[in-house]
Amino acid sequence: MQFSSRRKKLATNPQTELYTQPLQFYVQPPLENISLSEFETFAVDRLKLLKTVENLGVSYVKLSENYLSKLESESKNLNFPYKPESDDKKSGSTECDKRRKDHISHFILRLAYCQTEDLRRWFIQQEVDLFRFRFNTVLLSKQKLEFLHKNELHYNTITTEEKAALKDKLINSSYAVSGITVTDQDVYKVPFQDALDLVRTRKVYLKAGYAYIPHQDIVTIVLNDFRTKLSKALALTARSLPAVHSDERLQPLLNHLSHAYVGQDYSIQKNVGKISLEQIDSLSGKSFPLCMRQLHQALRENHHLRHGGRMQYGLFLKGIGLSLEQALQFWRSEFIRGKVDADKFDKAYAYSVRHMFGKEGKRTDYTPYSCMKVILSNPPSQGDHHGCPFRHSDPDLLKQKLQVYKVSPSGINQILELVKGMHYQLACQKYFELTHNIEDPSFSLNHPNQYFIESQKVLGGGKDIKREMDTSQRSQENSAAKGSTAAREAAPNSSQHLAEMTEDLESFFQDA
Amino acid sequence: MPSSDYDSACLPDLLPLYYRRLFPFAQYYRWLNYGGVQKNYFQNREFSFTLKDDIYVRYQSFSTQNELEKEMQKINPFKIDIGAVYSHRPNQHNTVKSGTFQALEKELVFDIDMTDYDDVRSCCSAADICSKCWTLMTIAIRILDRALRDDFGFHHLLWVYSGRRGVHCWVCDEAARKLSVAARSAVAEYLSLVKGGEETVKKVVLTDPIHPFIRESLWVVEQYFSQYALQAQDILGRKESVDKVLALMPEDVKKELQQSFQQEKKPETRWKMIMEQARKKQGTAKKGQYFEKEIMLQYCYPRLDVNVSKGVNHLLKSPFSVHPKTGRISVPMDLKELDKFDPFAVPTISLICEELDRPRPGEEEEKSEETKENEKDAAERRKIRDYKRTSLAKYVRYFDQFLDGMARSWKGQLLKKSDLQKEF
């Protein structure tokens, strides 16, 4: 966004022209003046929307009925476009207002999320998912063609003869084509690199490096374009960022916005040294989430874990308070009981343990994996024990395991039901409830280390951990209370207003 | 000493001879230079060496073939790995601002390792292989080679025996070398059918409709299945292995088969019964029931190490490197003779070094001629003659053919380039 230079050029109101379609590629930045408070609300609302997109993507199959309806209602609550035409009489915001909000808020978050590779990746992923949702629900099918036309997206179609020749292959490659529809539908031919989502899932026919995409799946190539353009735009935005950062009104807000997505950082080691190696066996039975318990058991049985397992488990142990020295001792003592001798361990494995603690290589202090990361990235293959047991185990094996861990038959059924619905984190939370004998816990699970901390709280063990958590929570509550009373008493002074806004945001993400 | 006997204690003594007289540096450079089409392609390539006692040196790079040759003859690496082409010379990576030193390109690579098949082979486990389970590698190569060519349109595929228990594939097309991380992982996932770790029993699940790629792959598996799985591995013979197969079927089918298997012991007939059940099931069920196909795939389909293929900067053992444990040379494989490829017949470093020492008739005369010629020329020629005298020759010859094929593809590009230059 250019705040000052272009503002003057704005003679007529371009809104009507800019917002003729409920969906856009965000090519033109907004050129109007907006108030600081509007800037803030827009940004926070969009962030909430993107956060919802992320959460729904984990809990539901993307574009499934539940996913669509939840995302629709969230869009509606936050006043973003959610269906083809919807002037909401009640809230008084017109479709044009919504589209304007969508437009402006997108560009604000670009500023906040262009700064690092991680932030960009997160932002692009959520924006792409949001775009996919809208392309499917907000655009009517005739609007889709119009949309392609307007954004000058042209793709090569294949001839009728070619289509006839490939008919069977096309039908067997995609859900979007059946014997009846194949003749009427256009089929586009693009380099396979432009349709990676379809290639990855084997939902498209491939021949000699080209993907043959039926019109119904065209969203994939459109998304690919969207992703590429957004990625380039973010790189450009990053370059002009210093100018924005010199604005002292915006800088704190932008920084705060960009920090909001990560949630709690479990790498901060408050508890270093509070856990002794002898405790790990008993803790693994009582307070480890199933994924870590499984890794611990596999390690004790095989005296070895492959890379994926070492990373997932090693970082978790670091998060619960193992020091580097303890970690080295822990891994060495287990590995040398297997095929690895002490010398080999020091040469081949000690490096990676030190690496985990940021003592080698590029010296990044790695953070323990969140549930999302465990569920979505690097699925286990032959010989691996890592991953999420609720996501990556056969239901039968999971059932057996839960029986061994003395979960009641009705509890097991509840868990398997959640697994079936692909609510892996909820299944894990249910497992927590059942093994800790509590109903309706006050947290929502999204991190193995969080599981551990909550478990320790319930069991009353690790008193130090508990006390620390309490104080940090209390101080948070205090500041939240202060923030809101202050805001109520004083006139909406901008900085206090900001404080309140960010508190809101924080509590929102803690709930989420 | 019999030539095939390799003793890893001798490796330090053999390596100098191998790198001085046998390693095909000229072809090796010709490969990695890719015709000089892109500037600094060889110069910015990472090599890494494993030395004695597992000392590992990364980020080595060389400006010429000669420099690489000298260095390798000096340090005599136990193992050579090839990494990516970087934005700067890898050996200077500490001198450039952090963040700007980036891996730009690399061949698309695949690593198939026999250890990943441990749950479906009964003949060996871990690092061991035998001629029975080697069929798995043959199947893997057939399936992947077809898909990479027909589906993805790649032409220049170099298949290499790793020297011990697996094979590597280097896809050398320009388009493959330029693929992003996302594209590499998409290709690898497209090619992966067997999913799940130790906590998953049923690792292949097919859904309706069956994708043409899977159909094609099944074609390949079907050619080997009876001979390999039913006879060599005898998966329907012993009780434990029968139970493992039965665990992959729906409950009702499993029960029925358990009974009928009591009367029928012949694996071939048992498999026919399974097929019969599958046909019946497919007739009645609304949705796809493909358990017989799923079993075939779980037992035979290639198991890729996806992480190796994904990363641009991932290192992979170089062709013509020596495997320190077996002493075998990591040689390119000629797919025309794939079914005859025998990993145990691949020459070891001790064999080819010994072949070099065998006196040959007529050598005396040649030597006298040699002295007359320019010394450097002679050394070069002697080297060519050297490897030709060993069992390494046929593998180098095949490597040459592969390189000729690639050369034809960039000839056009080079011509275009030089035309442009003439205009100015």
Side-chain angles (χ1 to χ4, degrees), chain A residues 117 166 168-175 177-178 191-211 224 227 294 298 302 306-309 339 343-344 347-348 351 362 378-389 391-398 401, chain B residues 53-56 58 98-99 113 115-120 126 147-155 173 175-176 178-180 182-203 205 207-216 247 303-307 310:
Chain A
E117 184 62 37
L166 296 174
D168 287 344
K169 303 254 160 87
L170 290 171
I171 292 171
N172 284 329
S173 308
S174 170
Y175 299 123
V177 200
S178 67
F192 80 87
Q193 290 93 329
D194 292 343
L196 293 178
D197 285 342
L198 292 176
V199 172
R200 186 189 308 281
T201 49
R202 230 180 282 118
K203 286 197 180 120
V204 68
Y205 177 58
L206 278 189
K207 193 180 147 199
Y210 288 92
N224 183 63
R227 184 193 294 269
Q294 177 174 304
N302 309 326
R306 295 181 30 151
H307 180 75
K339 282 185 196 156
D343 195 40
K344 168 114 198 243
K347 269 183 200 140
Y351 178 92
K362 61 178 170 182
N378 192 24
S381 60
Q382 184 61 36
D384 281 331
H385 295 273
H386 69 264
C388 169
R391 168 70 183 85
H392 299 115
S393 305
D394 276 355
D396 288 345
L397 283 186
L398 181 63
K401 187 161 280 180
Chain B
D53 296 326
D54 286 332
I55 294 166
Y56 198 58
R58 277 200 68 174
S98 78
D113 191 322
T115 44
D116 291 332
Y117 290 87
D118 274 4
D119 61 329
V120 290
L148 289 167
R149 287 175 200 276
D150 297 354
D151 298 2
F152 289 98
F154 297 127
H155 302 287
D173 295 60
K178 291 189 186 321
L179 287 177
S180 66
R184 282 165 206 260
S185 80
V187 176
E189 275 174 50
Y190 176 92
L191 297 172
S192 300
L193 278 181
V194 184
K195 295 198 170 140
E198 296 294 297
E199 313 298 325
T200 327
V201 174
K202 194 165 170 60
K203 294 183 179 163
V205 178
T207 52
D208 241 350
I210 295 189
H211 192 276
F213 161 76
I214 299 177
R215 289 251 177 242
E216 294 285 346
R303 300 177 172 207
L304 299 173
D305 187 339
V306 175
N307 290 319
K310 262 189 204 167

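The chains referred to below are lettered A, B, ... by the order of the sequence lines, with proteins before strands, and numbering in each begins at 1. A quick note: this is a predicted structure, and the numbers were derived from the prediction, not measured.
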Quick check: do [X] and [Y] have side-chain heavy atoms less than 4.5 Å from each other?
{"X": "A:His392", "Y": "B:Glu199", "value": "no"}
{"X": "A:Gln382", "Y": "B:Asp119", "value": "yes"}
{"X": "B:Asn307", "Y": "A:Asn378", "value": "yes"}
{"X": "A:Arg200", "Y": "B:Ser185", "value": "yes"}
{"X": "B:Val201", "Y": "A:Leu397", "value": "yes"}

Is a side-chain N or O of [X] found less than 3.5 angstrom from the main chain of [Y], in a donor-acceptor match?
{"X": "A:Asp394", "Y": "B:Lys202", "answer": "yes"}
{"X": "B:Glu198", "Y": "A:Gly383", "answer": "yes"}
{"X": "A:Arg202", "Y": "B:Ser192", "answer": "yes"}

Taking atom [atom1] of [X] and atom [atom2] of [Y], what is their separation to the nearest 0.5 Å?
{"X": "A:Lys207", "Y": "B:Asp151", "atom1": "NZ", "atom2": "CG", "value": "10.5 Å"}
{"X": "B:Ile210", "Y": "A:Ser173", "atom1": "CD1", "atom2": "OG", "value": "12.0 Å"}
{"X": "A:Ser381", "Y": "B:Lys195", "atom1": "OG", "atom2": "NZ", "value": "11.0 Å"}

Proximity breakdown for [X] and chain B, heavy-atom pairs closer than 4.5 Å:
{"X": "A:Arg306", "result": "side chain"}
{"X": "A:Lys169", "result": "both"}
{"X": "A:Tyr205", "result": "both"}

Who wins among [options] for the most heavy-atom pairs under 4.5 Å with chain B?
{"options": "A:His386, A:His307, A:Lys344, A:Gln294", "value": "A:Gln294"}
{"options": "A:Gly209, A:Ala298, A:Ala208, A:Pro380", "value": "A:Ala208"}
{"options": "A:Val204, A:Ile171, A:Asp168", "value": "A:Val204"}

Contacts of B:Phe154 that satisfy ring pair (Phe, Tyr, Trp, His ring centres under 6.0 Å) - sequence neighbours left out = none
remark   = Applying ring pair (Phe, Tyr, Trp, His ring centres under 6.0 Å) to B:Tyr190 and not counting sequence neighbours gives B:Phe152, B:His211, B:Phe213
request  = For residues B:Pro212 and A:Asn172, report the shortest heavy-atom separation together with the two atoms involved.
outcome  = CD-O, 3.7 Å
If you count heavy-atom pairs within less than 4.5 Å of chain A, which of [options] leads?
{"options": "B:Ala186, B:Gly153, B:Pro209", "result": "B:Ala186"}
{"options": "B:Asp54, B:Asp118, B:Asp150, B:Ile55", "result": "B:Asp150"}
{"options": "B:Leu191, B:Val306, B:Asp53", "result": "B:Asp53"}

ask   = chain A heavy atoms under 4.5 Å from B:Asp305: which part of the residue, side chain, backbone, both or neither?
value = neither
ask   = Quick one: what part of B:Leu148 sits under 4.5 Å from any heavy atom of chain A, side chain, backbone, both or neither?
value = neither
